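Along the sequence shown, residues carry numbers from 1. In this text, all values refer to a predicted model and were calculated from it rather than measured experimentally.
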Amino acid sequence: MASIRRTSSPAYPDRLYPNGIPSSPSSKLLSNAKNSSPVSSFAVEVRRFLSGDFFLRYPLRKGSSNWRRAFFRCLVFFLLGFLLGMMPFGHDAGDIRSHDFSFEIKPPHVNAQFEKDSRGQVWREDSVVDSVNLLVKPSPEVNSTFTSVPKTQLIVVTPTYNRALQAYFLNRLGQALKLVNPPLLWIVVEMNSASMETAEILRKTGVMYRHLVCTKNMTDVKDRGVHQRNAALQHIERHKLDGIVYFADDDNIYSLELFDSLRDISRFGTWPVAMLAQNKNKAILEGPVCNGSQVVGWHTNEKSKRLRRFHVDMSGFAFNSTILWDPKRWRRPTSKPIRQLDTVKEGFQETTFIEQVVEDESQMEAVPTGCLKVMNWHLHLEVPNFVYPSGWVFPKNLDYVLPIK
């Protein structure tokens, strides 16, 4: 009976190999590639190099080939990653130059002359091309050296004092000045001390202001408003404020057109003022009579004031502030400070002040041209012998209370 014995191992340990080393698959490929094409031989060599068999060409000790192969592979991948990291694969948007992508289509140069006919068509020889009109008007040339001229600053001087209608007058004037185009500086002057009530009103108006105090001794004061205006004039002269100075009492009524016209004044401007007479039974007009932009006469209705040189109300004129602190510019004969006088008779403060600013009517400007408009009104609406309560708060009801029916 025949018997068949199988081998215990598929590796055939009893088989003999040259040099005592079993042949690897790559060696088989190498042996098979000897008779193959050069491309196949190169591929086999690369595969042996990457697999580490290049270092196993000589006899090695058992177990040493594994760590050598692992070390070789780590070294290869490290060098490969280092080289890939050094290669510039990405570019920023800024590296792309404008000339790298050009979509401009340049027509070929043709040395031809075209003419237009009466129908607006462009033609040359036997070719006709309709002209294209995009209805786009060419923009006017803009001067690159354009500079905006700033508006003249208005310096409004307002003397005020403690009385029944003070809050009403200040709020009304403040709301009017708030509507005037800037720049505008409101100088409010009080006597002896600055009250918290007045300061609160000024803050709420939203107008740029300066709250001044006149420290003149009240025992020597004949006209309170004269010294308050002088305190403002001294402040303007000390700080050399540039603009048009205007004395605006808080009990007057002003139009916005007046403040817009003040910015047209070069040196000294004047205009007529409508006012209510002291007896409140008639309205009078006081101010210049103009021929164009020249002052040729004066309106006056009071015989006692006919001796004045200039018949104008305190709120009926304005002047350039540089006259106060730059006498050389206006060729003033003296550098003496320009101030209102308290020693003159009542009603003559205006004319004595104007005589220090100008010499005659030839240096005056009519505001507006022809003096044909009344732009402010002087009303005598005073409540004598009554002052506003402290903090504008009544601690108790008034003496007369009307019941609700």
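With contacts defined as side-chain heavy-atom distances shorter than 4.5 Å, the pair V189/H211 does not qualify. Between L185 and V156 there is no side-chain heavy-atom pair separated by less than 4.5 Å. No side-chain heavy atom of Y209 sits less than 4.5 Å from a side-chain heavy atom of I187. Side-chain atoms of Y161 and Q166, non-hydrogen and from C-beta on, never get closer than 4.5 Å to each other.
R163 contributes no side-chain N or O that, together with a main-chain N or O of A167, makes up a donor-acceptor pair within less than 3.5 Å. In this structure a side-chain-to-backbone donor-acceptor pair under 3.5 Å is missing from R263 to Q153. For R339 (side chain) and H227 (main-chain N/O), no donor-acceptor pair under 3.5 Å exists by modelled atom type. Between the side chain of Q363 and the backbone N or O of E359 there is at least one donor-acceptor pair closer than 3.5 Å. Judged purely by atom type and a 3.5 angstrom limit, T351 has no side-chain atom pairing as donor or acceptor with the backbone of F348. Proximity of a side-chain donor or acceptor of Q228 to a complementary backbone N or O of T160 within less than 3.5 Å is detected. S255 places a side-chain N or O within donor-acceptor distance of the main-chain N or O of M375, the cut-off being under 3.5 Å. Proximity of a side-chain donor or acceptor of S261 to a complementary backbone N or O of P368 within less than 3.5 Å is not detected. Although no hydrogens or angles enter the test, the distance criterion places a donor-acceptor pair under 3.5 Å between the side chain of W325 and the main chain of L241. N320 places a side-chain N or O within donor-acceptor distance of the main-chain N or O of S266, the cut-off being under 3.5 Å.
A salt bridge between D223 and K345 is absent, with no side-chain N of the basic residue lying under 4.0 Å from a carboxylate O of the acidic one. A salt bridge links R308 to E286: one of the charged nitrogens lies within less than 4.0 Å of a carboxylate oxygen. Looking at R309 and D360, no side-chain N of the basic residue comes within less than 4.0 Å of a carboxylate O on the acidic one, giving no salt bridge. Of the charged side-chain nitrogens involved, at least one lies within less than 4.0 Å of a carboxylate oxygen, so that E257 and K373 count as a salt-bridged pair.
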Candidate pair F82 and F77, rule ring-ring contact (aromatic ring centres under 6.0 Å, His included), full reasoning: CA-CA 8 Å; F82 179 77; F77 285 112; over 10 Å; no
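Counted by atom type alone, E365 and S293 present zero donor-acceptor pairs between their side chains at under 3.5 Å. Side-chain contact annotation: T352 with Q340, donor-acceptor N/O pair under 3.5 Å absent. For the residue pair D249 / S315, no side-chain donor-acceptor distance below 3.5 Å is found, with atom types taken as modelled. Between the side chains of T158 and D250, no donor-acceptor pair is found at a separation under 3.5 Å.
Summarising the geometry of D313 relative to H378, their closest heavy-atom pair is OD1-ND1, 3.6 Å, with the distance given to 0.1 Å. The two residues T152 and G243 make their nearest non-hydrogen contact at CG2-CA, 4.3 Å.
When the options W330, Y246, F319, F317 are evaluated for a ring-ring contact (aromatic ring centres under 6.0 Å, His included) with F268, the one that passes is F317.
Applying the ring pair (Phe, Tyr, Trp, His ring centres under 6.0 Å) rule to H299 yields no partners; only residues at least two apart in sequence or on another chain are considered. Scanning for salt bridge (charged side-chain N to carboxylate O under 4.0 Å, His left out) contacts around R224 gives an empty result, with sequence neighbours left out.
For the side-chain hydrogen bond (donor to acceptor under 3.5 Å, both in side chains) condition, the pairs that include at least one residue of residues 169-179, sequence neighbours left out, are Y168-R172.
Ring geometry for Y254 against F259 counts as tilted: the plane angle lies between 30° and 60°, on a 0 to 90° scale.
The number of heavy atoms from other shown groups lying within 6.0 Å of CD (Q294) does not exceed 12.
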